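To start, the structure itself, in structure tokens.
Atoms considered below: every heavy atom in the structure, side chains included; atoms not considered: hydrogens, waters and symmetry mates. All figures in this text were calculated on a predicted structure; none of them were measured in a lab.
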Amino acid sequence: MGWFRGRKTRKDSTEGMECASTVTENAFACGNSGSASGNQEALKEQAGSDMVILMENWKRRARRYKVYRVFLGMTLAVSCMSLVGLLYYYVDSSIPSVINVRAGQADSFQLGLPARGEIVSVSDRGSSNIPSEAIDIDLSKSVTLKGAMESSYQMRVKLFGFLTLKDVDIRVIEDQQLIPVGAPIGIYVKTDGVLVVGTGEFQGSDGVSYSPGKYILKSGDYIRSVNGTAVNQKDEFIRLVEESGGSEILLEVERDGEVMEVEITPVQNAAGEYKIGVWVRDNAQGVGTMTYIDSRGNFGALGHGITDVDTSTLMHMEGGTLYQTDIVDIQKGSAGNPGEMTGMIIYSSDRILGEITDNSVQGIFGVCNQKALEMGAREPLPIGLKQEIEEGIAQILCTVDGTARYYDVEITAVHLDHDNVNRGIELTVIDPDLLAVTGGIVQGMSGSPIIQNGKFIGAVTHVLVQDSRKGYGIFIENMLEH
């Protein structure tokens, strides 16, 4: 009994223990149920916070994407505008503002551009039975023009047939033949008035620095008269200033094509002479190349105007003389050094070749005498219009060893409507004989005729300082327009 009682006691204890276990498990289960509810709330809060962060990150990414889209859109728009601008500039510069055709001849050109031209007017110089705006020209194809008489037409060019680009003058000109010369010439030009090169200071009789002309005169001015007395020589100008005795003088001055009057009071310098503190010049000399002689005995030379070395402005010319010259030295051109031909000019009447009557951006022009006409002993050549010029081999005619000879060059580009009238043709000297003597193009060769396919197409004007083999030329038709 005791044994059974003991077992029962153990059983009870066991049951109690089991019950205690059960209670403990229940209590544990109840405890988990309370914690799970709290955890769910925490998870919800955490999920909400995660969602807020996710939304904020999404909004930030969306804003960045929006900024990127705007930036890309702006970049694309700018790129498109740039491409359109470049296309517009390319097409505009590929279409000449003036197209010359020979009277009585059919002249062809091909621009190969997505544009159309429409004749909108006919000049009064010639009669025409063509109604205004009646001719439509496809500029993507070869175009042939023929004029029966000297006249002028205006063609309106439209990109893609609707976007107006520019108006082009079509001029029917007289066909000409020119004698290429290529001989060196000495040039003496007298200024129209006294050219002001610059202003400066000098020490007065009292030891103080003075500059009466400063802020009144400037580089490039032409002084035409002093107190009503015309002046064309610097010595004459200096004398009139000194004779003022320190009294105020009245100067007639031409500046940028306008004539004005200015007043300046000369000051006595340390030597007792009256000055106004300006540097002046009344003439210019140099060496160049004669380009052509026409059928009337007129000449053209240089292919660019004579400019003052200090002011870089085109000199206003009262008159000038052309002299026969001999090349005594050639400084070979190299990278950074364009080289130079040095000529000896003897200012004597028996060496005069002619009279210079015009100094323009296209060159110097005038009338030949018999001595000059004897220099042009070559057969005349027909002129070649700019639309006929091709990239490739051509020749220049110049004198570097005492005799005018043709040398090979390569035309590398033709700019039908270049901003600079003197740089329509790009060329490179390839002749080994000329390269051996000059290194390419040197100063003094300006005006050398350019010949291609038996036609007179232009004249050499400039050399590239970085590479003396390369340079520029002017279209012969531009020279003839002076």
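Put simply, the side chain of Asn478 reaches to within 4.5 Å of the side chain of Glu481, judged on heavy atoms. Ile95 places none of its side-chain heavy atoms less than 4.5 Å from the side chain of Met155.
Annotation: the span from Phe237 atom CZ to Leu251 atom CG amounts to 6.0 Å, rounded to 0.5 Å. Distance check: Leu178 CG to Lys455 NZ gives 13.0 Å after rounding to the nearest 0.5 Å.
Using a 4.0 Å cut-off between a side-chain N of Lys or Arg and a carboxylate O of Asp or Glu, Glu477 and Arg171 do not qualify as a salt bridge.
Within a 6.0 Å sphere centred on NZ of Lys234, other residues, nucleotides and ligands contribute 12 heavy atoms or fewer.
Of the candidates Ile187, Ile327, Thr342, Ile185, Val287 forms a side-chain contact (heavy atoms from CB on, under 4.5 Å) with just one, namely Ile327. Just one residue in the list Val196, Val197, Leu195 forms a side-chain contact (heavy atoms from CB on, under 4.5 Å) with Asp310, and that residue is Val197. Screening Glu426, Lys386, Arg423 for a side-chain hydrogen bond (donor to acceptor under 3.5 Å, both in side chains) involving His415 leaves a single residue, Glu426.
Annotation for Leu217 and Thr199: closest pair O-CG2, 3.6 Å, computed over non-hydrogen atoms. The nearest pair of heavy atoms linking Pro338 to Val463 is CB-CG1, 3.6 Å.
Using a 3.5 Å distance cut-off with no hydrogens or angles, the side chains of Asn227 and Thr229 do not pair a donor with an acceptor.
Listed for the Thr438 side chain is a donor-acceptor partner under 3.5 Å among the backbone atoms of Gly440.
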